[in-house]
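Just the heavy atoms: all of them, side chains too, but no hydrogens, waters or symmetry mates, feed the values below. All values derive from a computational prediction rather than experimental measurement.
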Amino acid sequence: MRAGVVTAVTTVMLLVSSPAFALTRDDGDDPGSGLSVIQTLGLFVALPLVLFGVIAGCVMATDKTRKQQQG
């Protein structure tokens with residue numbers, strides 16, 4: 001019961017406060033130009049996939065090296 005109440009209150013507070021924060025500008029706020037669709041997909045889709053591939057490749061390369069030495 002307590003967890004449900006906390007979750008509901010937190011959700012309502014976030015929904016109520018989010019638009020208010022979006023309308024006010026902070027001191028020194030200097031937003032740049034927006035990203036195009038291609039830039040957004042590259043930054044939030046392609047880059048994480050490339051990083052995942054590099055990390056997975058490094059892990060697999062070190063694992064194969066260890067198996068060859070044991071065998």
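When the side chains of ILVMFWY residues are joined at heavy-atom separations under 4.5 Å, either directly or via intervening members, Ile55 and Leu49 end up in two distinct hydrophobic clusters. Grouping the Ile, Leu, Val, Met, Phe, Trp and Tyr side chains by contacts below 4.5 angstrom, directly or via other members, places Leu35 with Leu47. In the hydrophobic clustering of ILVMFWY residues, with side-chain heavy atoms under 4.5 Å counting as a link, Phe44 and Leu51 come out together.
For the residue pair Thr10 and Val6, the shortest heavy atom distance occurs at OG1-O, 2.7 Å. Between Thr62 and Val59, the closest heavy-atom pair is OG1-O, 2.9 Å.
Counting heavy atoms of neighbouring residues, nucleotides and ligands inside a 6.0 Å radius, atom CD1 of Ile38 does not exceed 12 of them.
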